[in-house]
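One structure below.
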Amino acid sequence: MAEKILVTGGAGYIGSHCVLELLEAGYVPVVIDNFHNAIRGSDALPESLRRVEQIVHRPVLFQELDITDGAALQELFRKHQFSAVLHLAGLKAVGESVQKPLEYYRVNLTGTIRLLETMQAHGVKNIVFSSSATVYGDPKYLPLDENHPVGGCTNPYGKSKFFIEEMIRDLCKAERDWNAVLLRYFNPIGAHESGMIGEDPQGIPNNLMPYVAQVAVGRREFLSVFGNDYKTDDGTGVRDYIHVVDLAKGHVAALKKLKENCGCKIYNLGTGTGYSVLQMVQAMEKASGREIKYKVTARREGDVASCYADPALAERELGWKAAFGLDKMCEDLWRWQLQNPTGFSKN
Ligand code: UFG
């Protein structure tokens, strides 16, 4: 029988791509999401998941649920027999987390504790957690491997990722029947090649590529490049951008790893190649055939000069490697942006 996988935050950008890959791989995903970052579609489904259904021609099981609601989680686990959980739900805006630290710790930490307690109570002890390269803080060396010191990040969002990693590690140490894979994402961009699902930031995008895509499509006038005096080739920040479909496939590989009773494992999900802001602008100009206007402004607080992964461990132990390059990431992002100039909402 097909395995049921709980996907928390499964209506979001990364979540919806994971749900799609799970379905393609023969799993039965059960999605919970509280619509904090997702648009409602018809049939009580988030629009992102309604689109996933259209792509794979299969229904998606969905329930509106907030991970901080312990009673609702209990109910859910009574209803379904899960073999594992992909835990992606959480607040994720770095700047906002500095303004609202308690809110970030409440949702990300208490939400995760409730989830882990519920899993434990129901004997579901396999989890894949969506962590972030932000746990490395300012890199002491590059590329970043999984042994690089962690905990150096300065904002509550990043710290919440680090604290959750620590909680899960301690749990796996204390109870040997727990298995966890902590995935440290680098910078996911792009969209499914159908152009039907993609990133749909609400309000002004915080991240580079959604902003660049909105400039290309004419929704915003110009990009602000946050500093060109970093110690990088062209002075702008360098990041390891990874195609969101590659990232989603990394989750399927992680689920397989749990089957080996792996204990607690940590993997970078990146490509190993860094690109600067200006290289990204150029790549997007090429993919879209449009000019992308930009102005250089001050550095953004908390940004590091360069951040890119050593992805070798994931290749060795998960048999996973990013397959898509920069051109494909930008082409797919552009297709999504062009077909959905206002994202999932209709106006
Ligand atoms: N940038 C701009 N202008 C913008 C937005 C970004 O110049 O309008 C620059 C940034 O300064 C940085 C690069 O583009 O050099 C990438 O910025 P993003 O905001 O897209 O990504 P970050 O690397 O800052 O943040 C990402 C995730 C976070 C995560 C962090 C560290 O969004 O969740 O990586 O892993 F915490």
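Order of appearance sets the numbers: ligands from 1, and atoms from 1 within every ligand. Side chains included, hydrogens not; waters and symmetry mates left out as well; all remaining heavy atoms used.
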Using a strict cut-off of 4.0 Å, indicate which atoms of ligand 1 neighbour a heavy atom of [X].
X	result
Asn187	21 (O), 22 (P), 23 (O), 26 (C), 34 (O)
Val225	7 (O)
Ala133	35 (O)
Asp303	10 (C), 11 (O), 24 (O)
Ser224	2 (C), 3 (N), 4 (C), 7 (O), 8 (O)

Going by an N to O cut-off under 4.0 Å, is there a salt bridge joining [X] and [Y]?
X	Y	answer
Lys249	Glu24	no
Asp332	Arg335	yes
Arg51	Glu47	yes

- Item | Audit row: Lys328, Glu193, salt bridge (Lys or Arg N to Asp or Glu O under 4.0 Å) steps and yes/no | CA-CA 9 Å; Lys328 168 83 171 153; Glu193 69 175 354; 2.8 Å; yes
Is it the side chain, the backbone, both or neither of [X] that has a heavy atom closer than 4.0 Å to ligand 1?
X	result
Ser132	side chain
Thr236	neither
Asn206	backbone
Tyr241	side chain

- side chain to side chain contact (heavy atoms under 4.5 Å, CB included) between Met329 and Met280, intermediate numbers included: CA-CA 10 Å; Met329 296 184 216; Met280 297 307 287; 5.7 Å; no
Considering heavy atoms of the protein only, find what lies nearest to [atom] and give residue, atom and distance to 0.1 Å.
atom	answer
atom 9 (C) of ligand 1	Val277 CG2, 3.7 Å
atom 24 (O) of ligand 1	Arg300 NH2, 2.9 Å
atom 12 (C) of ligand 1	Arg239 NH2, 3.7 Å
atom 30 (C) of ligand 1	Thr134 CB, 4.2 Å
atom 20 (O) of ligand 1	Leu208 N, 2.8 Å
atom 32 (O) of ligand 1	Asn207 ND2, 2.7 Å
atom 1 (N) of ligand 1	Phe226 CD1, 3.6 Å

Under 3.5 Å, is there a donor on one side chain and an acceptor on the other for [X] and [Y]?
X	Y	value
Asn268	Tyr136	yes
Glu96	Tyr157	no
Thr271	Asp240	yes

- Are any of the N/O atoms in Tyr211 less than 3.5 Å from those in ligand 1? no
- Query: Tyr157: heavy atom below 4.0 Å from ligand 1, yes or no?
  - Reply: yes
- Query: So, does Arg184 use its side chain to make a donor-acceptor pair with the main chain of Val135 at under 3.5 Å?
  - Reply: no
- Task: Before giving the answer on salt bridge (Lys or Arg N to Asp or Glu O under 4.0 Å), spell out for Glu260 and Lys257 the whole-Å C-alpha distance, their side-chain angles and the decisive distance to 0.1 Å.
- Result: CA-CA 6 Å; Glu260 297 171 13; Lys257 188 74 188 174; 3.0 Å; yes
- Query: Taking C-beta and beyond as the side chain, do Leu61 and Pro29 meet within less than 4.5 Å on heavy atoms?
  - Reply: no
